[in-house]
Amino acid sequence: LDAELFTEFCESKKGSEIDLWTLEELKQVVKEFKERFKTQEKEPNLEVLECKKLEETELSSSVEKVVISDPEKIQGGIFSSDYMAYYVLTLPLGWSVLRRYSDFLWLRDTLQKFYPGHYVPTLPYDKDSPNMGPNKLCRIKKHLSLFMDYIVNSSYLSKSQVLLEFLKEETEKNFQVTKKKYSKFKKLTTVHDFYSDDGKVTCDFDIDSQVVDQVLSYFNEQGEVLKLMSLEAKKIKSLTIQISNSLYNFMELAKNLQNISVNLSDLKKKNDDFLNNLNQSLESYEKYYMESSTYLNEHLEGVMNFLVAQMAPLKSLIKERQSLYQDLNKFEAKKEKSLIVGKALTQKFSDKLSRARLKFGYFNNQAKCETQQTAMHWMETLKQEYFLFAKKLMESNQKMQGFLELFLQVGNNE
């Protein structure tokens with residue numbers, strides 16, 4: 001109940017002092033107030049339009065996974081530099097193609113042309129380089145895997161002819177022809193020309209500015225938190241590498257200790273088994289920390305980097321919706337002004353107003369649906385990656401514990 005409105009209603013009946021009312025009278029006045037001021041649920045202001053229907057391709061129901069290989073350094077020619085390339089294997093179809101990092105960027109840009117208003121994941125880096133270190137190349141491989149997983153599992157992006165040719169065209173020459181062909185296409189701008197699974201799109205004309213602002217605020221705050229998490233993961237990785245290096249140095253010193261006792265046969269005989277087992281356990285310990293740093297780099301820092309980058313395309317959907325809303329308001333203001341002065345609207349202006357209205361309605365609907373669904377998807381991905389990190393860490397830890405138990409067993413036997 002609206003407290004102020006209810007108080008005014010009571011004043012009109014008997015007075016606002018509660019002592020003036022019996023319990024039965026209060027129940028009755030509450031009932032009357034609800035009947036008089038009840039708010040009916042607002043009907044959604046939606047419009048469904050015909051658009052282009054996506055056709056099934058070989059990828060639609062056949063692809064289980066796209067696997068990205070470790071990067072390979074490809075020697076450039078006389079007039080070109082060396083570059084990194086990745087084999088992209090499509091399972092279970094068995095297609096295998098070699099693609100540069102720039103090809104993945106091209107794929108994203110091209111998909112955006114054909115699917116305006118739809119979220120297409122982005123990549124954190126604008127380019128790669130053969131001079132990048134192994135940790136960064138490992139993160140890039142992870143980014144590409146997450147990027148391709150989302151696309152091939154999307155109900156609409158997976159039906160793209162662009163994606164099909166990206167995954168299937170084997171020769172570099174033919175693939176360059178494909179890229180040139182699609183470069184001639186312009187970004188779709190008319191709602192009726194957009195694509196959907198069923199050949200229909202929904203335009204939502206309810207403003208819901210508060211909801212949209214809340215989503216935008218969420219992405220801003222989430223982005224900042226993910227950045228901090230990425231920095232902390234990087235710090236943990238750095239400390240883990242330091243521990244691994246210190247253990248390696250300690251192991252080398254233990255070997256030196258073993259070597260300098262070679263001329264003292266009694267001492268060597270007594271301590272040889274101990275020093276051998278010590279070195280094995282230290283080697284296992286060092287390997288554990290080095291593997292841990294690799295898992296941290298891939299599943300935590302790498303994934304965080306990727307998720308931070310996803311905030312930009314998600315926020316751009318909301319910002320485009322806001323921009324279109326402003327455009328629509330300008331058209332509506334011109335219409336209102338013309339009506340006030342008695343000026344007839346031209347057909348050209350009416351068409352522009354209609355297109356602006358439909359485009360806003362479409363992007364308004366997409367901003368509500370795509371952003372929240374995608375946010376949930378990436379949070380689920382974050383959970384899965386953390387579980388995978390924990391599983392690998394546990395398996396590595398079990399191996400290390402096995403060596404340490406063996407070391408203790410040998411020590412007890414002595």
Side-chain angles (χ1 to χ4, degrees), residues 65-73 84-86 88 100-102 104-105 108 119-151 218-248 285-315 374-397 399-400:
K65 190 171 181 61
V66 171
V67 179
I68 309 294
S69 73
D70 290 331
E72 294 188 15
K73 188 174 182 178
M84 304 302 291
Y86 306 79
V88 182
R100 303 185 189 197
Y101 187 77
S102 59
F104 292 91
L105 295 173
R108 180 182 190 271
Y119 162 79
V120 181
T122 190
L123 290 165
Y125 303 120
D126 293 331
K127 60 182 179 179
D128 68 349
S129 164
N131 300 321
M132 286 180 175
N135 278 340
K136 191 166 186 179
L137 288 172
C138 176
R139 291 197 299 275
I140 286 177
K141 177 187 172 183
K142 188 65 182 179
H143 299 162
L144 294 176
S145 295
L146 292 170
F147 173 77
M148 292 306 302
D149 280 347
Y150 184 91
I151 291 173
Y218 168 77
F219 286 136
N220 285 328
E221 292 178 19
Q222 186 189 48
E224 290 304 313
V225 172
L226 288 172
K227 281 181 187 177
L228 294 174
M229 291 175 74
S230 177
L231 289 172
E232 293 303 321
K234 187 176 182 178
K235 288 179 186 177
I236 297 170
K237 182 187 72 176
S238 179
L239 290 171
T240 306
I241 292 173
Q242 288 180 36
I243 294 172
S244 175
N245 291 337
S246 294
L247 284 167
Y248 178 82
Y285 212 20
E286 183 270 337
K287 185 179 179 182
Y288 165 74
Y289 276 99
M290 186 53 69
E291 287 178 344
S292 299
S293 71
T294 302
Y295 305 150
L296 280 161
N297 181 63
E298 178 182 357
H299 298 292
L300 291 190
E301 185 183 356
V303 172
M304 296 296 178
N305 288 160
F306 184 82
L307 295 183
V308 168
Q310 301 321 302
M311 297 303 104
L314 287 168
K315 288 192 289 186
T374 306
M376 288 189 287
H377 169 83
W378 288 126
M379 283 305 296
E380 188 62 31
T381 297
L382 181 59
K383 286 194 292 184
Q384 292 173 1
E385 289 294 329
Y386 181 78
F387 290 147
L388 189 57
F389 163 74
K391 182 181 178 182
K392 288 184 177 181
L393 202 63
M394 184 177 67
E395 291 172 351
S396 183
N397 185 48
K399 292 178 186 176
M400 180 195 68

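Every value quoted in this text rests on a predicted model; they were computed, and no experiment measured them.
A donor-acceptor distance shorter than 3.5 angstrom exists from the side chain of Thr381 to the backbone of His377, with no hydrogens or angles considered. In this structure, the side chain of Thr122 does not engage the main chain of Gln310 through any donor-acceptor pair within 3.5 Å. In terms of modelled atom types and a separation under 3.5 Å, the side chain of Arg108 and the main chain of Pro121 share a donor-acceptor contact. Panel note: side chain Ser230, backbone Leu226; no donor-acceptor pair is recorded below 3.5 Å. No donor-acceptor pair closer than 3.5 Å links the side chain of Ser396 to the backbone N or O of Leu393.
To the nearest 0.5 Å, the span separating CG on Leu137 from CE on Met84 amounts to 5.0 Å. Within the model, atoms CE of Met304 and CG of Leu231 stand 11.0 Å from one another, a figure rounded to the nearest 0.5 Å. Considering CZ of Phe306 and CG of Leu146, their distance stands at 5.0 Å, rounded to 0.5 Å. Interatomic distance, Ile241 CD1 to Ile236 CD1, rounded to the nearest 0.5 Å: 12.5 Å. From Leu296, atom CG reaches atom CZ of Phe389 across 4.0 Å, with rounding to the nearest 0.5 Å. Within the model, atoms CG of Asn131 and NZ of Lys136 stand 11.0 Å from one another, a figure rounded to the nearest 0.5 Å.
Looking at His299 and Lys392, their side chains come closer than 4.5 Å, going by heavy atoms from C-beta outward. Counting heavy atoms from C-beta outward, Lys65 and Asp149 have side chains that approach closer than 4.5 Å.
Donor-acceptor pairing under 3.5 Å is recorded for the side chains of Ser244 and Glu286.
Summarising the local packing, NZ of Lys287 is surrounded by 12 or fewer heavy atoms from other residues, nucleotides or ligands at distances under 6.0 Å. Under a cut-off of 6.0 angstrom, the local environment of CZ in Phe219 is crowded, with over 12 non-hydrogen atoms contributed by other residues, nucleotides or ligands. The 12-atom threshold is not exceeded at NZ of Lys234, counting heavy atoms of other residues, nucleotides or ligands nearer than 6.0 Å.
The pair Glu385-Lys142 meets the salt-bridge criterion, with a side-chain N (NZ, NE, NH1 or NH2) lying under 4.0 Å from an Asp/Glu carboxylate O. Taking 4.0 Å as the cut-off between side-chain N and carboxylate O, Lys235 and Glu232 count as a salt-bridged pair.
Scanning both residues, Gly223 and Val308, for their nearest heavy atoms gives O-CG2, 4.2 Å. Closest non-hydrogen pair, Ser292 versus Thr240, comes out as CB-CG2, 3.9 Å. Scanning all heavy atoms of the two residues, the minimum distance from Cys138 to Glu298 falls at SG-CB, 4.0 Å.
Contacts of Leu144 classified as side-chain contact (heavy atoms from CB on, under 4.5 Å), with partners at least two apart in sequence or in another chain: Ile68, Tyr86, Tyr101, Phe104, Leu123, Ile140. Considering only residues two or more places apart in sequence or on other chains, Tyr125 meets the ring-ring contact (aromatic ring centres under 6.0 Å, His included) condition with His143.
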(Q) Let's go through Asn135 and Lys237 carefully: what are the C-alpha distance in whole Å and the side-chain angles of both, what is the deciding distance for side chain to side chain contact (heavy atoms under 4.5 Å, CB included) to 0.1 Å, and is it a yes or a no? (A) CA-CA 11 Å; Asn135 278 340; Lys237 182 187 72 176; 4.0 Å; yes

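Between Tyr119 and Tyr150, a ring centre-to-centre spacing shorter than 6.0 Å is recorded.
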